[in-house]
Every structure is written in C-alpha cells, then in structure tokens.
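Taking it in order: structure first as structure tokens, then the write-up.
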Amino acid sequence: MNIQWIRQLNKRIFSGSYRSIRTKLLFCFLIVTLIPLLSLGALSYYQSAKIINSQFGKYGENAVAQLEQQTSSSLGRMKQMSETIYSYLLDPAHTDLRNQAPISYSEIIEKNDFEALLKSLRTDQTAGIYIITPSGYYYGENNLDVAKLRNMPEWKTKPASYKGLYWLGFYMQNHAMSSSGDSNLPVLGLAVPIHNSNGTQNGSTILIEENAQELIHMFKLFETDTKSHLTIKASDGRIVYESASNFTKKDSDITWIRTLAVNQWTIEARLPAKAFYLSSGIIRSNTIVVAIISCLLAFGFAYLFSSRFTARIRTLKDSMQKVSFGKLDTRMPIEGRDELGSLDMSFNRMVSGVQSLVQEVEQSERLKKEAELKAFHYQINPHLLFNTLNSIQWKARLEGADDIRQMLYHLTMVLEGNLDISQELITVGRELRMIEHFLKIQEIRYGNVFSYELNCEDSLKQYLIPRMTLQPLFENIFFHGFTDGIGVIKLDVIVEKNELLLALRDNGAGMTEEKRERLLVPDPKRRGRGGLGVQNADQKFKLHFGPQYGLTVFSTKGEGTAIVIHWPKEEERPDGYSKEN
C-alpha cells in the first residue's frame, strides 16, 4: 500500500502538475494564510496558557494560605486557652485542687471556681476543656470517659515524658461517658502535661478540644476545587490529616506548602501536573481543532479562488489553441474589468484582426485568380493562333499585300508578349515595346492620323510593371476616345517621391463624370469590353503592390482623358525575382 502510494506521488510530482499556475497559487494562498494563522494561534495559546497556569497557581497558593490562616487561628486560640489554665494552676493560692474528688468545703469551692474559669474560657468552637489527674479524676464537663480517652490512638501515642504543648491532631470525639453519648464530632485536640513543682495538679494533663467541622469542611472544599491531595504533618513527621483519596506522589506534581508558626505543622497540597495543566490542555486542544478547521477552510477557499482564477486562464489557453488550429471565430467571454478581462479583450481584438487579415488575403488571392482567369480568357491556343497568323502572313506576302503582312507581324508580336504568362511582372521597356507594336497596328489601320509622344528615361525602363497593363489603356483610347484613330497620345514616366509615376493623356472624347466614377468600380453585371481592361489594370497594380496603389482617372467630356498610375520602384533580379529599389 505504501509503495503504491509513493509511486502515485512520484508520478504526480514528475508529471509536472505541481508546476501549474493553480498549484502555485494554491501554495501561495496557503503560505500567506497559514503562517499568520498558525503563528497567531500558537501565540494566543502560549499567552492564554501562561495566564491560566499563573492564575491557577496563585489561586492554589491563596487557598493554602487561607487554610493556614484558619488553622493557625484555631491552634492559637487553643494555645492561649491552655496557657491561661496553666498559669491559673501554677498559682500557689489554688493548692486545694486535688487529684481526686473534693471532700472539704474549701476544696469544693475551689473546684467550682476552677470549673467556672474553664467555662469562661469556652467559645462557640470549643468542644471540651478538661484537666485529667493521674488518678483518673478530671475537672470540666461531666461527660468524659477517661478510660475511653486513654484508649484513643491519638492519646496513647502521646509520649509520657512529653513537656510543653502536644497537638493530638484531628480525631473523632468518641470518649463520652456512654457509647450512645458519643458525638463523633471531629475535633482538634491539644494535650498539655502539667509540671508543677509546688505539687498542685502535678502530673495532670490539660485537654482542650475544639470543633474541627469548619476546618474539615474547608479542607474538603479545597480538595474539591483544586483536585489536589492535602496532607498536614506535625513537626515530628506524624500525619495529622490526609485526603481520603488514593494518591501517588510524583516529581512532576505541583506542590503548595505552608508551615504553621504556632506548632510548625506543614500543610502540603499536591496536584498532579496533568490536572494542573488541564485548563491549558483544553485551550491547546481547542486551539489545535480551530487551527485544523481554519487550515481546511483556508485550503478550501484557496482551492476555490485559485480554480476560479486559473479557469479563466485555461479558457484563454484553450481559445488560443483553437485559434492555432484555424478556428478564427473563437472569442473569449469578457467576465470582468480586471487584467484578465483586458487580456480577453486584447485576444478578441487580435483574433478579429487576424480573421480580417486572412479574409483580405483570401480576397486578394481570389481576385488574383480571377484576374488570371480573365487573362486566360483572352488567351487562345498559342500554337494554333501563331501557325494561323504565319499562314495568313505568308499568304499576304505571296499575294503582295504588304500592309496585311506587317499588320500580322505586329499583331503576332503583341500576342506573343500578351500570351507569355511566365512572368507577371515585366520591365517597363518591354511593356513599351509591346505598346509600339500595338500602335504600329493602329497606324496601318488608320494611317498617320494620330501622334504618340513618349517621355521615359532609359534608366526607368529597367523597373518592373505588371504585365499587359498599358495595352488595355491604349485600346480604350482607340476604341472609345478617338474617332477614326485621330488624336494625340502622350505618355510620361517619371520618378516622384521615390516612386514611379506614369501619366497617359489623350485629347479624345473624354467621358462624363458619372461614367468616370463607375470606370474603376467592379460590376459583375457589366457585359462587353467597355472599361473591363482598365479595371483589370487597376486590380493588377493593387494586387502586386498594395491597395494604396492603382489607377487614377481624370477626364473631361470632349477634352480628353488622363490616367495616372504610381507604384514602387522594383528592379528585376538575375534570378528572375523582383527586388524593391
């Protein structure tokens, strides 16, 4: 399973999909989003955990300090009470207090005064004040069973030779006179052995018990609130109080320790580290959950945004691919006014321009083919035509018709030049030579009734001109301008603004303005030869040199016509191709 997953991962990586714009945008969005998110989450968790742990630690310290204060208050009150009683017994005036029941009047009075003192020392928290003599007789309330008291573990563990204050600790007050009278009241006991050298109550013990319900209740509340284990130890290591729950100490436990100044008891509260850091752990878990959810949301949004953004780029790429396959009607929908929208508009304009250019090229090619077809339309079978003309020419020579022979000769030369379609562009000199043959024919036909004036420098005759463009113009003069061939023809070829300019003028019949305007306009319905040759000549210049070139016709009815042509200078190269000068 792992090997297959690794193979799929390698295939995906090396396939190059990770280099797509969508993948890069996705990673950019994730980096931009996740770094601040995770940083803020970690900082928030660190600060929150620090504050909560600090506050919880202070709360525990304050709670233990409050336990110390309440316990010290009870212990101090019991200690002060014992000191008052001890001072009273050290007074030599109270020698009538015996170790047994009083038998004289003075002893009874002294006993009553002493027990009145004990009652006066009682407070609301006092559970019992007793003076227990070595004989078992005691002073205080008549509810003490000395035998039960001496059997209590707390009392039995009291050292016999102990001097000073001996704190019995917390225990249940079950030393009543009868079992039914036991209160089972939790009390805090203090035993003070009396060492009186004057003999009064020497060897007796002062027992002071104070109600410990409120202290125990405070201990329980502390244990419940902080979930800690509470232990109170005496200075000799004896445990006087411990929480009922099972607890195993660990070095990682959080510990709060207080020592009571009254009796050097030590209050120790232990809290497992897991419980202490429970709140911060909850914050950490919540932070991790929120971070994971935020990461998933960030990934989802980043994927949606990058997909939507790159979808437009993919659409543009597909459209460009369609255009490369020749689908020039492809257009991009404009979905916005941003940079991609501007790119879409530019693409549409570019494709429209390419489509228009292709249509223009197609139109040019079509017109060029049509012009070629029109030229072919004027062709006949060259061999049959030339053989026939030669036969007629020899027939004319044998019969002495020299005019017909010369006419056929010039006609043959004109036709030979027109039917040679191996070159579409020929030199100006060659075109002028064919014009001279054409004029010879017209001269034989009409006689010397017209004049022809040519003004063209020899250096200009090397430049190229579309084949068979001047002859239709001369034909138009003789067939539509002159009457019986009478007139004057002037042809000027000059250089103007680095271009060739040809001006053909005649003083023939001219034409109306309406006819002049329709002369160069293509009309598929037009029949006959009128104007067709002029249009073909104009189309040839436009096809070869561009739409800005061509013929310009000036004519006045009854005064003649002038045709002006300008085109770029091109020379014939040795390899047969033309080159622009």
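On a predicted model such as this, the values are computed, not experimentally measured, just so you know. All heavy atoms count here, side chains included; hydrogens, waters and symmetry mates do not.
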Do Glu365 and Lys369 pass the salt bridge (charged side-chain N to carboxylate O under 4.0 Å, His left out) test, and can you show the C-alpha distance, the side-chain angles, and the key distance before you say yes or no? CA-CA 6 Å; Glu365 292 294 329; Lys369 291 180 179 178; 5.6 Å; no
Would you sort out whether Leu464 and Ile426 count as a side chain to side chain contact (heavy atoms under 4.5 Å, CB included), showing the intermediate values? CA-CA 5 Å; Leu464 299 176; Ile426 61 175; 5.7 Å; no
Decide ring pair (Phe, Tyr, Trp, His ring centres under 6.0 Å) for Trp567 and Tyr549; before the verdict, give the C-alpha distance in whole Å, the side-chain angles of both, and the deciding distance to 0.1 Å. CA-CA 6 Å; Trp567 71 97; Tyr549 299 103; 9.0 Å; no
Before giving the answer on salt bridge (charged side-chain N to carboxylate O under 4.0 Å, His left out), spell out for Arg331 and Asp344 the whole-Å C-alpha distance, their side-chain angles and the decisive distance to 0.1 Å. CA-CA 8 Å; Arg331 295 293 184 275; Asp344 295 338; over 6 Å; no
Side chain to side chain contact (heavy atoms under 4.5 Å, CB included) between Leu473 and Leu551, worked out: CA-CA 11 Å; Leu473 305 182; Leu551 277 63; 3.8 Å; yes
Criterion side chain to side chain contact (heavy atoms under 4.5 Å, CB included) on Met468 and Lys540, from CA distance to verdict: CA-CA 9 Å; Met468 198 179 171; Lys540 283 187 175 182; 4.0 Å; yes
So Asp225 and Tyr59, side chain to side chain contact (heavy atoms under 4.5 Å, CB included) or not? Walk me through it. CA-CA 10 Å; Asp225 291 342; Tyr59 172 75; 3.5 Å; yes
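Looking at Glu424, its side chain never comes within 3.5 Å of a backbone N or O of Arg467 through a donor-acceptor pair. Checking side-chain atoms of Gln462 against main-chain N and O of Ser459 turns up a donor-acceptor pair under 3.5 Å. Put simply, the side chain of Lys490 never gets that close to the backbone of Asp506: no donor and acceptor are under 3.5 Å apart. In this structure, Ser39 contributes its side chain and Pro36 its backbone to no donor-acceptor pair below 3.5 Å. A donor-acceptor pair is defined here as one N or O able to donate and one able to accept, closer than 3.5 Å; such a pair exists between the side chain of Asn53 and the backbone of Ala49. Side-chain N or O atoms of Ser346 include one that pairs as donor or acceptor with a backbone N or O of Ser342 at under 3.5 Å. Put simply, the side chain of Asp253 gets close to the backbone of Lys250: a donor and an acceptor are under 3.5 Å apart. Counting only distance, with no hydrogens or angles, the side chain of Gln535 and the backbone of Leu519 share a donor-acceptor pair below 3.5 Å. In this structure a side-chain-to-backbone donor-acceptor pair under 3.5 Å is present from Asn348 to Met332. The closest donor-acceptor contact from the side chain of Ser48 to the backbone of Tyr45 lies at 3.5 Å or more, if one exists at all.
Side-chain contact check for Leu470 versus Leu502: some heavy-atom pair is nearer than 4.5 Å. Looking only at side-chain heavy atoms (C-beta outward), Lys461 and Thr427 stay at 4.5 Å or farther from each other. Taking the side chain as every heavy atom from C-beta outward, Glu453 and Ile489 never approach each other to under 4.5 Å. Proximity of Phe478 to Tyr446: side-chain heavy atoms (C-beta onward) are separated by under 4.5 Å at one or more points. At a threshold of 4.5 Å between non-hydrogen side-chain atoms, the residues Thr469 and Phe541 count as touching. In this structure, Phe450 and Ile486 have side chains that are not in contact, with every pair of non-hydrogen atoms separated by 4.5 Å or more. Contact check for Ile563 versus Phe554: no side-chain heavy atoms found under the 4.5 Å cut-off. Contact annotation: the side chain of Leu501 never approaches that of Ile565 to less than 4.5 Å [non-hydrogen atoms, C-beta and beyond].
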Result block: side-chain N/O donor-acceptor pairs under 3.5 angstrom for residues 281-305, not counting sequence neighbours:
| residue | atom | partner | partner atom | Å |
| --- | --- | --- | --- | --- |
| Ser285 | OG | Gly281 | O | 2.9 |
| Asn286 | ND2 | Ile282 | O | 3.2 |
| Thr287 | OG1 | Ile283 | O | 2.6 |
| Ser294 | OG | Val290 | O | 2.7 |

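The distance from the CG atom of Leu411 to the CE atom of Met413 is 11.0 Å, given to the nearest 0.5 Å. Of the inter-residue distances, the one linking Leu504 atom CG with Asn476 atom CG reads 9.5 Å to the nearest 0.5 angstrom. Rounding to the nearest 0.5 Å places CD of Glu457 at 11.0 Å from CG of Asp492. To the nearest 0.5 angstrom, Gln55 atom CD is 10.0 Å from Ser279 atom OG. The CD1 atom of Ile465 sits 14.5 Å away from atom NZ of Lys569, with the distance rounded to the nearest 0.5 Å. Once rounded to the nearest 0.5 Å, the distance linking CG of Leu408 with CZ of Arg397 reads 11.0 Å.
Within 6.0 Å of CE on Met320 lie no more than 12 heavy atoms contributed by other residues, nucleotides or ligands. Under a cut-off of 6.0 angstrom, the local environment of CD in Gln548 is crowded, with over 12 non-hydrogen atoms contributed by other residues, nucleotides or ligands. The neighbour count for Glu514 CD, taken as heavy atoms of other residues, nucleotides or ligands under 6.0 Å away, does not exceed 12. For Ile404, the CD1 atom is loosely surrounded, since the number of other residues' heavy atoms within 6.0 Å does not exceed 12.
A side-chain donor-acceptor contact under 3.5 Å links Gln471 and Glu475. Using modelled atom types and a 3.5 Å distance limit, the side chains of Gln66 and Asn62 yield no donor-acceptor pair.
Between Ala562 and Arg505, the closest heavy-atom pair is CB-CG, 3.9 Å. Glu499 and Pro568 get closest at one heavy-atom pair: CG-CA, 4.3 Å. Taking both residues in full, the closest heavy atoms of Val493 and Cys456 are given as CB-SG, 3.7 Å, listed atom of the first, atom of the second, then distance. The minimum heavy-atom distance linking Lys227 with Leu271 is given by the pair O-CD1, 3.1 Å. Closest approach of Ile334 and Gly341 over heavy atoms only: CD1-O, 4.1 Å. Residues Ser555 and Gly560 approach most closely at OG-O, 3.3 Å, considering heavy atoms.
The pair Arg516-Glu513 meets the salt-bridge criterion, with a side-chain N (NZ, NE, NH1 or NH2) lying under 4.0 Å from an Asp/Glu carboxylate O. Under a 4.0 Å N-O distance rule, the pair Glu362/Arg366 does not qualify as a salt bridge. Electrostatic pairing of Arg312 and Asp338 counts as a salt bridge here, judged by a charged N lying under 4.0 Å from a carboxylate O.
Checked against a 6.0 Å centroid threshold, the rings of Phe56 and Phe276 count as neighbours.
The aromatic rings of Tyr452 and Phe474 lie perpendicular to each other, with more than 60° between the two planes, well past the 30° mark.
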